[in-house]
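Contents: one structure, followed by commentary.
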2 protein chains.
Amino acid sequence: MDRATLREVSELADVSVATASLVLSGKAENRFTPETAERVRQAADKLGYRTNRLARSLRSQQTRVLGLISVEVLTTPYAGDMIRGAQTAARGRDYDLLIVEIDGTPEAFAEGFELLADHRADGVLVASFFHQELPVPEVRPRHLVLADAVALDHSVDAFIPNEFDSITQVLNLIGEAGHVHVGYVGDCNDFPAVRGREAALKAAADRFGWVKIEENIVRSEDTNSSDGYHSAIKLLTANRDLTAIVAYNDRLAMGVYRAASELGLEIPEDLSVVGFDDQLLISEALRPGLTTVALPHLEMGRLAVEKLISLVESEDENTPAEVAIMGDLVERGSVAPPRKGSNKFSSELGKS
Amino acid sequence: MDRATLREVSELADVSVATASLVLSGKAENRFTPETAERVRQAADKLGYRTNRLARSLRSQQTRVLGLISVEVLTTPYAGDMIRGAQTAARGRDYDLLIVEIDGTPEAFAEGFELLADHRADGVLVASFFHQELPVPEVRPRHLVLADAVALDHSVDAFIPNEFDSITQVLNLIGEAGHVHVGYVGDCNDFPAVRGREAALKAAADRFGWVKIEENIVRSEDTNSSDGYHSAIKLLTANRDLTAIVAYNDRLAMGVYRAASELGLEIPEDLSVVGFDDQLLISEALRPGLTTVALPHLEMGRLAVEKLISLVESEDENTPAEVAIMGDLVERGSVAPPRKGSNKFSSELGKS
DNA sequence: TCTGAGTGTTTAATCGATTAACCTCGAGTG
DNA sequence: CACTCGAGGTTAATCGATTAAACACTCAGA
């Protein structure tokens, strides 16, 4: 049941191993008579010949294998599409992916790099489960590209989401609907994603004339639904004029929904909500569906692999660049114009 | 910057390549003087020598690479832990994983198998994103194991969840709390997971004397939250005595929560709810937290790899077996004893 | 002195594919 | 007729590690 070797093919075709190799690799188009070539091809076909990648790689000093270091992408439900994008792109160029899952520590990187070096991967792609700055060690593969992450020292090619323009899409939706009392449920960490989204928020606030946006920002310790809930409660009770809340991500937005429901606020009639990430388990399940932005995971994976292959295949000098990619707006129904005057919540409270 | 070869090491140590190899592989413990051995080791150290896996594999005819065919595991947020379990187990035995993502069609399998055969994987693990029956082609790797799936013809070793006993844990919780009017929001497909869970439901109904369980089963077309909502509404309006609902999975349970909230039923006071899967994005985010069962993904991945390695390393005859593994009960607070008499919903309606 | 048995180390074949360099033969050229 | 040249192949080195078999040497025993 073992695969046939080139020697077996060449014997069946009654030629030398060299001839068989040359014919099958197509690297000597017209050095052989059509009959010889055909005989070789038939023999290969008959024996189900496939070239032994180990042997080829050993000889050619390239494996056509790309290492993929997954920083928690495999084990968190956020960014699987990035790997799919990467795999599709790689397969399309006849490369395969060797995937190693690690946490993001420098030691784990070193181990991962070592393992991939042992396998003689032609290049390495590091994919992160969210847009962060990674401590990529100095000792690193010759060809390296990052996806959904940048190197702390910005010394590596990277494909990241355009946080600013992406979230601006939902901010515009809020602004154009006429909201001016807008709150923001954020994250307290210092990540590029956090900085980018808040910068966009402030720009939008300026542009649309949102009222006292600085005071309507609450930053959660963590970004789970329950933090979103507490933050939203805090926002909505402190500022009863709020008619829209922007959440840093969909999980926080989920908490905002719960807060709204508890306070008797209908979404979107009394309160518009937008999220970020388009985590389907949440954004599709909430009622009404959450208007949010889908991160360009597939694209980042694809582009990163294509860049990596181009690095591998041309030995030209390369100047590392960070490419920011737009996310897709997904409108579902959690945004509506504000009620006249103020939201139901504040008017009800006004009565009592 | 390229890695040192054995020849370079041997030259530095002033011995033959054979000696260097023998010393470093530890396969000839006392054939050399301690001084020679030490000299070789020092040289290897100094040069940062690591054996070239391609060369070794080519020679030894085994790669210490296991293929992992992921049937949508990578790209759905359900079962990433299975891959983590598999990778950890493999690394612990000095194997690496070559992962290929496919959909579950026979053609995709064939392609995946071919690709892994090209890479001379020593064995292949197929991991599915849920417990299903897979059409594994006849032409298959010599060593093959399934995780979270069985072969249609049951001809392959498999590690699967014990659906019956796993869900019985939450069913017992419901029964022991004293509920007798129990509803079930199910799935209409004919999967092992569906059959196992419904069988357990019926067994529990018998054991606890649940009232007319057959009539309180609604099967959804799909298993998203919105189907769970519609099914729960149907159940709760048709049978006002229901005090507990069991959902086929957490996503459906999420819909049940919404239905309950819409009907003014408090969970767990008026209605107990249990799910299955422990999908954290849902089970942790819902209020109250969802009591559910965590599938043994990590374990399945781990055990499958260990079985696979044992197949690879001993050429003994093997009789395929399917091993069912228990899931873990996760209690969060969506179960309470029923209200005296009946639920709030039915009593309120009774008044009007 | 010769044989035998260890010890310590090297020689050389091998895994399978690639490819530069070489060979052979017949046709064409001056 | 001697010589060149191209078409159509083949030879053999190479990638790096593994390992059976051979070799060189020492020392004990006959």
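Values reported hereafter were calculated over all heavy atoms of this structure, with side chains retained and with hydrogens, waters and symmetry mates removed. Letters go in sequence order (proteins before strands), and every chain restarts at 1.
- We find that CG of B:Leu54 is positioned 12 Å from C1' of C:dG16, with the value rounded to whole Å.
- Look at CG on A:Asn52: it is 16 Å from C1' on D:dT14, rounded to the nearest Å.
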Dump the pairs, protein N or O against N or O of nucleotides 6-9 of chain C, anything under 3.5 Å, distances to one decimal.
unit_1: C:dT9; atom_1: OP1; unit_2: B:Thr36; atom_2: OG1; d: 2.8
unit_1: C:dT9; atom_1: OP2; unit_2: B:Thr33; atom_2: N; d: 3.0
unit_1: C:dT9; atom_1: OP2; unit_2: B:Thr36; atom_2: OG1; d: 3.1
unit_1: C:dT9; atom_1: O4; unit_2: B:Arg31; atom_2: NH2; d: 2.7

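- When all heavy atoms are compared, the tightest approach of B:Leu54 to B:Asn52 is N-OD1, 2.8 Å.
- Taking side-chain N and O atoms only, A:Lys27 has a distance below 4.0 Å to OP1 or OP2 of C:dT19.
- Judged as a side-chain contact (heavy atoms from CB on, under 4.5 Å), and not counting sequence neighbours, B:Glu111 has no contacts.
- Residue contacts for A:Ser21: at a heavy-atom cut-off of 4.0 Å it reaches a base atom on one of the strands shown.
- Whole-Å rounding puts the A:Leu58 CG to C:dT14 C1' distance at 12 Å.
- Between the CZ atom of A:Arg56 and the C1' atom of D:dC15 there is a distance of 14 Å, rounded to whole Å.
- When the side-chain nitrogen and oxygen atoms of A:Tyr49 are compared with OP1 and OP2 of C:dG16, none of them lie within a distance under 4.0 Å.
- The shortest distance between the side-chain N/O atoms of B:Thr51 and the OP1/OP2 oxygens of D:dA17 is not below 4.0 Å.
- Under a 3.5 Å cut-off, the side chain of A:Asp148 and the backbone N or O of A:Ile160 do not form any donor-acceptor pair.
- As a whole-Å value, the separation of B:Arg3 CZ from D:dC15 C1' is 17 Å.
- Taking CZ of B:Arg140 as the start and CG of B:Leu116 as the end, the distance is 15.0 Å to the nearest 0.5 Å.
- Between C:dT18 and A:Gln61, no contact under 4.0 Å exists linking OP1 or OP2 to a side-chain N or O.
- Rounding to whole angstrom units, CD of residue A:Glu11 and C1' of D:dT10 are separated by 15 Å.
- Under the rule for a side-chain contact (heavy atoms from CB on, under 4.5 Å), the partners of A:Arg56 that lie at least two apart in sequence or sit in another chain are A:Thr51, A:Ser60.
- With sequence neighbours left out, A:Thr5 forms a side-chain hydrogen bond (donor to acceptor under 3.5 Å, both in side chains) with no residue at all.
- Across all non-hydrogen atoms, the minimal contact from A:Leu97 to A:Ala90 is CD1-CB, 3.7 Å.
- The salt bridge (Lys or Arg N to Asp or Glu O under 4.0 Å) check on A:Arg59 picks up nothing, with sequence neighbours excluded.
- If you measure from atom CZ of A:Arg59 to atom P of C:dA17, you get 13 Å, rounded to the nearest angstrom.
- Here the C1' atom of nucleotide C:dG16 and the CD atom of A:Glu8 are 11 Å apart, to the nearest Å.
- In plain terms, the two heavy atoms of B:Ala13 and B:Arg39 that are nearest each other are O-NE, 2.9 Å.
- Across its full length, the helix from C:dT1-D:dA30 to C:dG30-D:dC1 shows an angle of 90° between the axes of its 5 terminal pairs at either end, rounded to 10 degrees.
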